[in-house]
2 protein chains.
Amino acid sequence: MVTLAEVAQHAGVSASTVSYVLSGKRSISTTTRQRVEESIRKLGYHPNAGARALASSRSNIIALMIPLRTDMYVPVMMEIAIAVAAGARTHGYDILLLTGEEGPDAVRRVTGSGLADAMILMDVELDDERLPLLRDTHQPSVLIGLPADTEGLTCVDLDFRATGALCVEHLAQLGHRDIAVIGEAAAVYERHTGFAERTLDGLRTRARELGLRLLHRPCEGGYDAMSATLARVFDERPDTTGFVVQNESAVEPLLALLRQQGRAVPEDVSVVAVCPEQVATQASVRLTSVAVPAQEMGRRAVEQLVAKLDGRGSDEVVLLAPELTVRASSGPAPVRP
Amino acid sequence: MVTLAEVAQHAGVSASTVSYVLSGKRSISTTTRQRVEESIRKLGYHPNAGARALASSRSNIIALMIPLRTDMYVPVMMEIAIAVAAGARTHGYDILLLTGEEGPDAVRRVTGSGLADAMILMDVELDDERLPLLRDTHQPSVLIGLPADTEGLTCVDLDFRATGALCVEHLAQLGHRDIAVIGEAAAVYERHTGFAERTLDGLRTRARELGLRLLHRPCEGGYDAMSATLARVFDERPDTTGFVVQNESAVEPLLALLRQQGRAVPEDVSVVAVCPEQVATQASVRLTSVAVPAQEMGRRAVEQLVAKLDGRGSDEVVLLAPELTVRASSGPAPVRP
DNA sequence: CTGAAAGCGCTAACAA
DNA sequence: TTGTTAGCGCTTTCAG
């Protein structure tokens, strides 16, 4: 293994000079810099991560905590995680992957050992058990998702309340008066997951303001669950012409069942989805949708965190504005006889 | 920050004693052990990861490399990654997440810096550019997936050849004589992706042995592509009664189109899928399928790697036996008039 | 602009 | 069964 000392010797300079060439923390004459860089290349030197961490009390590692809930839509999580990893690298950080298994202990372990300099938490619940720990520790952190109380925390999320409002507005403009919301599995609401409740709040508030009737039904994924849910919806509200879906695994079943019942989309019924772009464009009907900007969320989370690590940085809630893309699944409400 | 020295002082023992209590590398009298453990708890001591890594040249971190190919099915990747992370923790390791961005350089960086003790590579291509590097380095590693040349490498994968054979056997037992295989997109075969070719090989070999007729057609995802493919299949082999699908995004279109053509599943036509459990159970017909055992693959990969790190361990190709689950999409071949 | 040297906190011989 | 001690490789004052 090549050490910094060996590089120094090879280049005929002191160890500290090599160190400073690497960190750029003080000015170096062009000639020595070149000699050092050449030695580094020639010897194939790689600074030792452990030694660096020990001497500088900085690991250059960001912990990313992904609680594994089976009822969450995985691809979005993955997309965010990948964006976080890529973003972190551009700032010189690596990502340590923590799954939910350990729960809050993982926070203690990582902060206590100096394994990571900071952490990003995904899939935050409204009253998340990891939050008290975060507030206590001095560990810089960013949440992806919004808890109930954001005091003293930095959060990045899609503005789901605005998302809900946007969906309702779109349908209202098209003349729909009775709207059904096909939501996430009931467990998601029972857990008081932030995004689900906030979307619902946005939907309800705007519907009330616009004088629309809104029916919300949680729904598991798959055909059977969707079939039952759909039956109930039309049973309770036969005049329903607008649907808002926020559940990736219910999208295709919904479309298939509507088709099967002879309800044409968008002629008889309009559908607006809150889902990843890919799901919206690859569905059997191209869906009017509000996309979850996974990449953007990952990128922004890293930026916030790096800002904190660099001393500029503030506790701030970053809500990304939703964008609704009109595709083939929404159209004017049918004229009622 | 609490250090080992402080714990030692508090407990009235030497630093090495505390170290040995922690590592268990030499026997300690029960009384001192208890005193030390108490001090650790009281002071809230956490060993410093950097110092440990430096002194022991062991980071207790495993790098997990996930190249992000857009045509791979993401949920399975994620499931494996999570299983890897969980498995690693049970052996005292953390996971460093590397995405494809950096390419082979990431391998160099991680091995060179001692950031990780070993690595797991996912989504391996038949002729992967990272393999030469791995063979050179002394870094222990395990591949998830099978490259063309496994010489000197440890690999974990589903036995796709056996998977193909299993699907054919199931349909043969039910009396089907004409089988159509709906495969991945043509590009996947052109790239000579290992799993696709191996599955096909298994299908063909067993079909020949059992005297069945087998027709293989690659197929893009989506309804249009599936519609064209299906038309060709029944055109060339009107007596086809058994289908094997290995393409998540073709599953639902296939079922929908068969239904549309008035071919009942499983009364007229049987379908066997090679896909994740979730896709099989949430499809419009619950699918008889061979699942990709993501959890098991992650777990096994970690086990192989830890074995190597502990000095017991061998270069070995671990092929997991496929399991076929019978559900509602397969049944006896219709009696021909 | 460069060097010398004191640690960072822990592990693992070597001694007892 | 326990203690002493010499590093591990790097960063960062303090001097020049």
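Every value quoted in this text rests on a predicted model; they were computed, and no experiment measured them.
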Item to check | Protein-nucleotide distance (Arg33(A), atom CZ; dC1(C), atom C1'), rounded to Å | outcome: 11 Å
Item to check | Range on DNA chain D touched by chain B - first to last nucleotide, heavy-atom distance under 4.0 Å | outcome: dT1(D) to dG9(D)
Next on the checklist: How close do Gln304(A) and Ser314(A) get, counting heavy atoms only, and between which atoms?
Outcome noted: OE1-O, 4.3 Å
Checklist entry - Asn60(B) has an atom CG; how far is it from atom P of dC10(C), in whole Å? => result 14 Å
Checklist entry - Is the number of heavy atoms from other residues, nucleotides or ligands within 6.0 Å of CD (Gln9(A)) greater than 12? => result no
Next on the checklist: Working note: Leu98(B) + Arg109(B), criterion side chain to side chain contact (heavy atoms under 4.5 Å, CB included); need CA distance, chi angles, decisive distance, verdict.
Outcome noted: CA-CA 11 Å; Leu98(B) 302 178; Arg109(B) 193 169 60 81; 3.9 Å; yes
Checklist outcome for this item: Side-chain atoms of Ala51(B) come closest, of dC14(C), dC10(C), dT2(C), to dC10(C)
Checklist entry - Is the shortest distance from a Lys or Arg side-chain nitrogen in Glu296(A) or Arg299(A) to a carboxylate oxygen in the other one below 4.0 Å? => result yes
Checklist entry - Of Pro47(A) and Arg26(A), whose closest DNA chain D nucleotide lies nearer the 5' terminus? => result Pro47(A)
Item to check | Under-4.0 Å salt bridge between Lys308(B) and Asp315(B) | outcome: yes
Next on the checklist: Could you tell me how far apart Lys25(A) (NZ) and dT2(C) (P) are, to the nearest whole angstrom?
Outcome noted: 18 Å
Next on the checklist: One pair to check against side chain to side chain contact (heavy atoms under 4.5 Å, CB included): Val36(B) and Ile28(B). What are the steps and the verdict?
Outcome noted: CA-CA 10 Å; Val36(B) 170; Ile28(B) 305 279; over 6 Å; no
Item to check | Which nucleotide in dA5(C), dT2(C), dG9(C) has an atom nearest any side-chain atom of Ser16(A) | outcome: dA5(C)
Next on the checklist: Between P on dG9(C) and CG on Leu22(B), what's the gap in Å once rounded to a whole number?
Outcome noted: 16 Å
Next on the checklist: Output the rounded distance in Å from CD (Gln9(A)) to P (dA4(C)).
Outcome noted: 12 Å
Next on the checklist: Side-chain N or O of Ser14(A) versus OP1/OP2 of dT2(C): is the shortest distance under 4.0 Å?
Outcome noted: no
Checklist entry - Starting at the 5' end of DNA chain C and moving along, which residue's nearest nucleotide shows up first, Ala15(A) or Thr30(A)? => result Thr30(A)
Checklist entry - How long is the line joining CZ of Arg52(B) and P of dC10(C), in whole Å? => result 8 Å
Item to check | Lys/Arg-Asp/Glu bridge criterion (N-O < 4.0 Å) met for Arg89(B), Asp105(A) | outcome: no
Next on the checklist: Just to be sure I understand the rule, does Val13(A) reach a base, reach only the sugar-phosphate, or reach nothing, if contact means heavy atoms closer than 4.0 Å?
Outcome noted: sugar-phosphate
Checklist entry - Base, sugar-phosphate alone, or nothing: which one does Ser19(A) contact when heavy atoms must sit under 4.0 Å apart? => result base
Checklist entry - What is the distance, rounded to the nearest whole Å, between atom CG of Leu115(A) and atom C1' of dC10(C)? => result 14 Å
Checklist entry - Looking for any heavy atom pair under 4.0 Å, which part of the strands does Ile28(A) touch: base, sugar-phosphate only, or nothing? => result sugar-phosphate
Item to check | Minimum-distance nucleotide (side-chain atoms of Tyr20(B) versus dC8(C), dA12(C), dC10(C)) | outcome: dA12(C)
Checklist entry - Is any side-chain N or O of Tyr45(B) closer than 4.0 Å to OP1 or OP2 of dC10(C)? => result yes
Next on the checklist: So Thr32(B), base contact, sugar-phosphate only, or nothing? Heavy-atom distance under 4.0 Å.
Outcome noted: sugar-phosphate
Next on the checklist: Heavy-atom count check: over 12 atoms from other residues, nucleotides or ligands less than 6.0 Å from Asp127(B) CG?
Outcome noted: no
Item to check | Interatomic distance, Arg35(A) CZ vs dC1(C) C1' [rounded to whole Å] | outcome: 13 Å
Item to check | Which nucleotide in dC1(C), dA12(C), dC10(C) has an atom nearest any side-chain atom of Asn48(B) | outcome: dC10(C)
